[in-house]
Amino acid sequence: MKKRWFLTNHRHLFACGGKFLKIMKITIFIVVFASMQTFALDNYAQTKRMDVKVDESSIVVALEKIEAQSEFFFFYNNKIVKLDKKVSVDLKDKTITEILDVVFKDTDIEYTINNRQIILSGKETGSSLSQQQKSVSGKVTDVTGATLPGVSVVVKGTTIGVITDANGSYSLANIPANATLQFSFVEM
């Protein structure tokens, strides 16, 4: 009697368990497949090998040849990145990073690979960066000439800022050349 009761009352558990196992198998398959696709996207730049041959042509021609035989796309701004330099390249069975290192050798062009998109930008030299940024210092006073400690001095539109010291003095470093300073003070 106990055997019949167990079999009749627990059959639905076995039926539900079979459905559950099928759902679990399908879920595991989908997760594994999606993971493999993700790794395939990340490794495309590392595994895709190609041949590039360019004789005394502009960098643009080399980039067009790379785009024609791969799934890479180049993004750049002509005003920032100068691609008119003539290059000669003859590479066989190389990855995209190996090719771009040769193509951009002796130029001021940097690249960033993001999946199948390659973003080109100009290198910033230390001297041009230091010329664009300045240091600013000063003293905050009220209409009578008394110093104001605790005044907030912030570069407008940024989080760069300081609070004036007990003498009302402040100093900010690495400020863009045409920045605007905002002063705020809450009197107690």
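- D142 places a side-chain N or O within donor-acceptor distance of the main-chain N or O of T144, the cut-off being under 3.5 Å.
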Subject >> Stepwise side chain to side chain contact (heavy atoms under 4.5 Å, CB included) test for K139 and T147 >> reply: CA-CA 7 Å; K139 185 178 269 191; T147 60; 3.8 Å; yes

Original post:
What do the steps show when you test I66 against M50 for side chain to side chain contact (heavy atoms under 4.5 Å, CB included), and what is the final call?
Top reply: CA-CA 8 Å; I66 292 169; M50 60 187 103; 4.0 Å; yes

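- Rounded to the nearest 0.5 angstrom, T158 OG1 and I175 CD1 are separated by 7.0 Å.
- Within 6.0 Å of atom CZ in F75, more than 12 heavy atoms from other residues, nucleotides or ligands are found, so the atom counts as buried in its surroundings.
- Side-chain atoms of L63 and L100, non-hydrogen and from C-beta on, do get closer than 4.5 Å to each other.
- Here the closest heavy-atom approach between residue V155 and residue L181 is recorded as CG2-CD2, 3.9 Å.
- Note that CG of D108 is 9.5 Å distant from OG of S121, once rounded to the nearest 0.5 Å.
- The NZ atom of K65 sits 11.0 Å away from atom CG of D51, with the distance rounded to the nearest 0.5 Å.
- Side chain of S57 to main chain of V54: no donor-acceptor pair is present (N/O by atom type, distance under 3.5 Å, no hydrogens or angles).
- E110 has its side chain out of reach of L120: every pair of non-hydrogen atoms, C-beta onward, lies at least 4.5 Å apart.
- Put simply, the side chain of F185 does not reach to within 4.5 Å of the side chain of V140, judged on heavy atoms.
- Although no hydrogens or angles enter the test, the distance criterion places a donor-acceptor pair under 3.5 Å between the side chain of T164 and the main chain of V151.
- With hydrogens and angles disregarded, no donor-acceptor distance shorter than 3.5 Å links the side chain of K48 to the backbone of F72.
- There is no path of hydrophobic side-chain contacts, each under 4.5 Å, that joins I119 to F74.
- Residues K105 and V87 have side chains not in contact (no heavy-atom distance under 4.5 Å, counting atoms from C-beta outward).
- Here the CG atom belonging to D93 is positioned 9.0 Å from the CD1 atom belonging to I99, to the nearest 0.5 angstrom.
- Looking at heavy atoms from C-beta onward, K85 lies out of side-chain contact with I109 at the 4.5 angstrom threshold.
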Subject >> side chain to side chain contact (heavy atoms under 4.5 Å, CB included) evaluation trace for Y111 with I96 >> reply: CA-CA 11 Å; Y111 63 90; I96 189 68; over 6 Å; no

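- Ring orientation note: the planes of Y170 and F183 are nearly perpendicular, at an angle over 60° on the 30°/60° scale.
- For S152 (side chain) and I163 (main-chain N/O), no donor-acceptor pair under 3.5 Å exists by modelled atom type.
- The shortest distance between side-chain heavy atoms of I59 and T107 falls below 4.5 Å.
- Partner of T97 under the side-chain contact (heavy atoms from CB on, under 4.5 Å) criterion, out of I118, V102, I113: I113 alone.
- Listed for the D55 side chain is no donor-acceptor partner under 3.5 Å among the backbone atoms of S88.
- Formation of a donor-acceptor pair under 3.5 Å by the E71 side chain with backbone atoms of R116 is not found in this model.
- Taking OG of S137 as the reference point, atom CG of L172 lies at 9.0 Å (rounded to 0.5 Å).
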